[in-house]
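A, B, ... follow the sequence lines: proteins, then strands. Residue 1 opens every chain. Note: hydrogens, waters and symmetry copies are ignored here, and every other heavy atom, side chains too, is used.
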Amino acid sequence: MATTSADYNFRELEPHWQAAWEAAGLSRADNASSKPKYYILDMFPYPSGAGLHIGHPEGYTATDILARYKRARGFNVLHPIGWDAFGLPAEQHAVKTGTHPASNTRNNITNFKRQIRSLGFSYDWEREIDTTDPRYFRWTQWIFLQLFKRGLAYVDERPVWWCPELRTVLANEEVIDGRSEVGNFPVERRNLRQWVLRITAYAERLLADLKDVDWPDSTKRMQEAWIGRSEGAELTFALDGHPDASLKVFTTRPDTLFGCTYMVLAPEHPLVDVITTPEQRAAVAAYRKAASAKSDLERTDLAKDKSGVFTGAFAINPINGRKVPVWAADYVLMGYGTGAIMAVPAHDERDHEFATRFELPVIRVIAGEKGDEKLPYTGEGRLVNSPGYDGLPWEEAKRRVTADLAGRGVGRASVNYKLRDWLFSRQRYWGEPFPIVWVTPEDYARVAARRGSELPPQPVTYSENGQVFYALPLPASALPLVLPDVQSYLPSGTGESPLANERDWVDVWLDAVTGKSVPASQPRPAGEDWVRARRETNTMPQWAGSCWYYLRFLDPRNEAALAGPEALRYWAGPDLYVGGAEHAVLHLLYARFWHKVLFDLGVVPEPEPFRRLFHQGIILGEDGEKMSKSRGNVVNPDSIIQSHGTDTLRLYLMFLGPLEAMKPWNPRGIEGVHRFLQKVWREMIGEDGKMSAKLSPSDPGDAAAIELKRLLHETIRKVGDDIEGMRFNTAISQMMIFANALQKAPRVEITVARQFLQLLAPFAPHISDELWSRLGGTESIQQASWPAHDPKLLEKSEVKVVFQVNGKFRGDLLMPVGTTETEALAAARTHPKVAPHVEGKALARVIYVPGKILNLVVS
RNA sequence: GCUCAGGUGGUGGAACUGGUAGACACGCAGGUCUCAGAAGCCUGUGCUUAACCGCAUGGGGGUUCGAGUCCCCCCCUGAGCACCA
């Protein structure tokens, strides 16, 4: 049912059609459909207080176009949206205002939802999810229990980034230049008890399976680099005077072992205490203290000079028995490899710098072509100064040295990863509580007898004040474990989350079988399963909820499982995933890890979650700078919708340039696409508001009509191809070309106009449905199936042949398809623009590409 | 420093596997309509030239009948990573 305005009244017709679609349920996905499925997913937003940023509708418009297009092509399309709503900003707001973060989050979601709805996206709102909803995070907690059960979650004392201002621990990737990413506050190192997920157990598969996904190469390369696989050897050095201890190092260059002139331990390495001699003890202690205060960045980039201290101890090189001094230096990091290296200053730049500074010997063991390359030399070559191996190419020497040491039990080929285990806990309130309690060893043993299958192969424990505690999972039936209300959202100053202050929540009597609890301040209830327990006060990081949300969309109301097996089988995973490149590593790597664990459990049918991935680019401000409040260059989608309408905004976002490119916003450009829509309106609706008189039910049949129809079919083909290839900007250009032709045509068959509207509909759905209805459509344009182009109409009898002389364009001519080289040559010779350039010259060569080009090479 | 992505008119950008560089749009100029304006419509618009010619895709070289596209060197911009053994 159309509106009645005579002119293009977008303020009236856009809300009208949004309501009509909603009422008709056109965006719903059907879990019981026999149609082929297409699951298209946006990275769901964090509902910030600032409201929608113009970058959100950019990606969402792209996916909406595809969703509408795929529906028209007969697919059962799943196109959902939800809210990644745990996170620091809501917590900081709560700290400031004292209101519960849930209420702030609810307000933000309401605002986001209003904005997203006003853009006319065809989301299936019945599948809306919210990561902070207990019905959702119940399954986040359940997945954690599966990780726990499989021994993939453990507890460790870790030096972590502590931000006194935020009163929270930050992950490495949240710290930038020694300051917090959020808020830009100074941070320091602190040891805290943390939950850690063993993502390194999946390093090999996370790397190998990248070959199976259709992702941008740059993203794959970034993940590869992050996982950072390197092959080498783990070698064992004996320690002089310490027969019980030995020093393990990882090296990628076992071939340079004869050039090892000293060893370096990370200052935190446990052996430092063992081997430091009494004379060196004071110096080493001072050095360790200084190093511990430094960030990795200060130990590396900011330190222009290498620093270090001699431990007084010596190690014995396993290949030649030579004694080499052992140093401690902070350019070696405890978190990589074994936290110790063999230093080969002749063939490693860092070692060379260090050796120069501390006057340690440098021995060349690799000679390149010339043999006297400047040191450090890191190129390839053959071994020298390496008795028994001299003359061997370095690659072969790697294998030989490794094999020889392995034969003596002091080395083995080994693979090392840069990837570290995932620090998974936060000392915050606004996150999922861990479904874990801490109990005594005796209680754990008692429960283990009954619930053994839910426990990890090795118990997870920690000790405090000489007492050991065992991690006991809540039974899955007791989930969700919800957050208690708290008095204050300020973290306890001790590094624990605000939850630690809620004594009646933390210290409980727990029925270890049912998961029921009562505060420990009350008497122990009767029954043998009640144990004294202290709840885990850490919460999960924001990543947790976003690691699996794409699965919940398949079956969002299921109360028996994270999604039903039929839904998981039918939908599998997203066929296309669109979001910013800033998630190229962390989110996408963490989600792949969880997915693989779920795959191993038999929950999901495929080993990879996201088959095809696309990154949209960033929209910059008018000034070409990143949009930010402080620069005052932020564009608000609401104001564009008010001034030009949603269809114009959608179209303009897509016309700006390639979706993947970074591009500046230009407020003038929006007028261009708005004019285009007005033109389409004018060509179809007369001044009286009725269908334009130039539209006729029958085919006018004249030359102009034939040409228009040919152009329509060319447009059908190009728009379809461009949508599939996500080249929306050129699809719009083509539609503009068609609209210009439509304007010039004296009479137009209604069918031609209607098919054109179908092409426009995914991009500008409101105006398209309005015009469709006024041109006699009875159902929504969305329900019409996508037009097919007729290849016969695109066949041409004549093609333009370009004449070149010595590669330069000189003229062109329409010639029949199938023109021979001889005919084309004859035509070129008599062409008025071409002839002067060939007359009187010898023809050396002719290149003829039929239907395209004729190049005459003359001397 | 390393890795990746880019550099095309006054502007955003187009050019599928090497084949007329500048589609489409913005802006600008002139015209038309109008009492006047807005909107619409028509024409023009890389540089140079009266025109032909010539010159043009960051700079330089190369391959090719032919290069924005392929190869080599250099410059610039943006993003990411950072002594990774």
Side-chain angles (χ1 to χ4, degrees), chain A residues 7 173 216-219 221-222 224-226 228 230 232 249-253 256 264 266 296-297 299-304 306 329-333 335-344 347-351 353-354 416-420 581-582 584-585 615 617-618 620 624 626 652 655-658 660-673 675-676 678-679 682 718 721-722 725 727 729-737 739-740 743-744 800-812 833 836-837 844-849 851-858:
Chain A
D7 52 0
E173 48 272 23
D217 283 340
S218 58
T219 304
R221 275 194 292 268
M222 280 170 82
E224 274 166 20
W226 193 268
S230 58
V249 300
F250 174 76
T251 177
T252 55
R253 296 294 305 274
T256 62
V264 183
D296 280 5
L297 207 79
R299 283 166 69 154
T300 57
D301 188 39
L302 302 176
K304 289 298 165 228
K306 295 264 181 294
D330 60 13
Y331 78 94
V332 172
L333 303 173
Y336 184 76
T338 61
I341 61 159
M342 62 176 222
V344 184
H347 305 289
D348 182 282
E349 280 166 21
R350 291 151 298 160
D351 296 348
E353 202 186 313
F354 189 87
N416 196 43
Y417 297 95
K418 221 159 39 171
L419 184 69
R420 299 177 205 175
E582 67 271 21
V585 178
H615 294 304
I618 301 172
L620 303 172
K626 256 191 183 165
Y652 182 57
F655 191 57
L656 218 43
E660 67 275 20
M662 184 185 288
K663 48 217 176 259
W665 180 262
N666 177 357
R668 283 203 183 126
I670 202 154
E671 295 294 341
V673 290
R675 274 178 221 163
F676 162 67
Q678 283 177 316
K679 180 182 288 187
R682 264 199 321 273
K718 172 125 179 90
D721 287 354
D722 281 353
R727 295 180 298 269
N729 53 332
T730 51
I732 294 168
S733 298
Q734 182 65 33
M735 289 191 284
M736 286 174 166
I737 291 170
N740 290 341
Q743 183 183 63
K744 290 190 176 67
K800 197 195 295 185
V801 178
V802 168
F803 298 138
Q804 294 182 339
V805 178
N806 289 343
K808 271 197 176 17
F809 171 80
R810 294 300 178 186
D812 56 35
K833 296 260 189 166
H837 295 280
R845 208 178 147 183
V846 176
I847 289 102
Y848 181 54
V849 183
K852 266 198 175 153
I853 202 160
L854 179 77
N855 189 10
L856 308 178
V857 186
V858 298

Original post:
How are the rings of A/Tyr331 and A/Phe354 set relative to one another: parallel (under 30°), tilted (30 to 60°) or perpendicular (over 60°)?
Top reply: tilted
State, to 0.1 Å, how close [X] and [Y] come at their nearest heavy-atom pair, and which atoms those are.
X: A/Val332; Y: A/Gly339; value: CG1-O, 3.6 Å
X: A/Met735; Y: A/Phe676; value: O-CE1, 3.6 Å
X: A/Val344; Y: A/Thr256; value: CG2-OG1, 3.4 Å

Mind checking the [atom1] distance from [N] to [M]? Whole angstroms is fine.
N: B/C26; M: B/G13; atom1: C1'; result: 10 Å
N: B/C24; M: B/U43; atom1: P; result: 12 Å
N: B/G60; M: B/A67; atom1: C1'; result: 15 Å
N: B/G12; M: B/C65; atom1: P; result: 37 Å
N: B/A79; M: B/A15; atom1: P; result: 26 Å
N: B/C72; M: B/U64; atom1: C1'; result: 16 Å
N: B/C28; M: B/U77; atom1: P; result: 31 Å
N: B/C47; M: B/U57; atom1: P; result: 15 Å

Student check: side-chain heavy atoms of [X] and [Y] closer than 4.5 Å:
X: A/Asn806; Y: A/Val858; value: yes
X: A/Met342; Y: A/Asp351; value: no
X: A/Val673; Y: A/Met736; value: yes
X: A/Gln734; Y: A/Thr730; value: no
X: A/Trp665; Y: A/Tyr652; value: yes

Check the distance between [N]'s [atom2] and [X]'s [atom1] and give it to me in whole angstrom.
X: A/Asn740; N: B/G40; atom1: CG; atom2: P; result: 12 Å
X: A/Glu224; N: B/C81; atom1: CD; atom2: P; result: 17 Å
X: A/Tyr652; N: B/G12; atom1: OH; atom2: C1'; result: 7 Å
X: A/Asp721; N: B/U17; atom1: CG; atom2: C1'; result: 15 Å
X: A/Lys663; N: B/G12; atom1: NZ; atom2: C1'; result: 11 Å
X: A/Ile618; N: B/A5; atom1: CD1; atom2: P; result: 17 Å
X: A/Lys852; N: B/U17; atom1: NZ; atom2: P; result: 11 Å
X: A/Asn666; N: B/C24; atom1: CG; atom2: P; result: 18 Å

**OP:** For RNA chain B, produce a single dot-bracket line, 5' to 3'. Pairs: Watson-Crick or G-U wobble, both distances under 3.5 Å. Symbols: ( ) within strand, [ ] crossing, | other strand, . unpaired.
**Re:** (((((((..(((......[....)))((((((.......))))))((......))..(((((..]....))))))))))))....
Quick one: label [X] by what it contacts on the DNA or RNA (base, sugar-phosphate, nothing), any heavy atom closer than 4.0 Å.
X: A/Ser230; value: sugar-phosphate
X: A/Asn416; value: nothing
X: A/Ile853; value: base
X: A/Phe655; value: base

Side chain of [X] - closest among [options]:
X: A/Ile847; options: B/A23, B/C26, B/G19; answer: B/G19
X: A/Val857; options: B/A21, B/C65, B/G12; answer: B/C65
X: A/Met662; options: B/U20, B/G78, B/A25; answer: B/G78
X: A/Leu333; options: B/C84, B/C65, B/G19; answer: B/C84
X: A/Met222; options: B/C4, B/G12, B/G80; answer: B/G80
X: A/Lys418; options: B/G19, B/C84, B/C26; answer: B/C84

Original post:
Looking only at atom types and distance, does a side-chain atom of A/Lys663 sit under 3.5 Å from a main-chain N or O of A/Pro658, one as donor and one as acceptor?
Top reply: yes
**OP:** For A/Asn855 and A/Gly807, indicate whether the former's side chain and the latter's backbone hold a donor-acceptor pair under 3.5 Å.
**Re:** yes
Original post:
Just wondering, are more than 12 heavy atoms of other shown residues or ligands nearer than 6.0 Å to CD in A/Glu349?
Top reply: no
Original post:
How should the glycosidic conformation of B/G78 be described, syn or anti, under the criterion that syn lies within 90° of 0?
Top reply: anti
Original post:
Once each nucleotide of nucleotides 41-58 of chain B is scored for protein heavy atoms under 4.0 Å, what B/S/- sequence comes out, 5' to 3'?
Top reply: SS-----------SS---
Subject >> Any donor-acceptor N/O pair under 3.5 Å between B/G19 base and A/Gln804 side chain >> reply: yes
**OP:** Please tell me which of A/Met342 and A/Asn806 maps to the more 5' nucleotide of RNA chain B, matching each residue to the nucleotide holding its nearest heavy atom.
**Re:** A/Asn806
**OP:** Starting from the 5' end of RNA chain B, give me the residue, A/Gly339 or A/Arg221, whose nearest nucleotide shows up first.
**Re:** A/Arg221
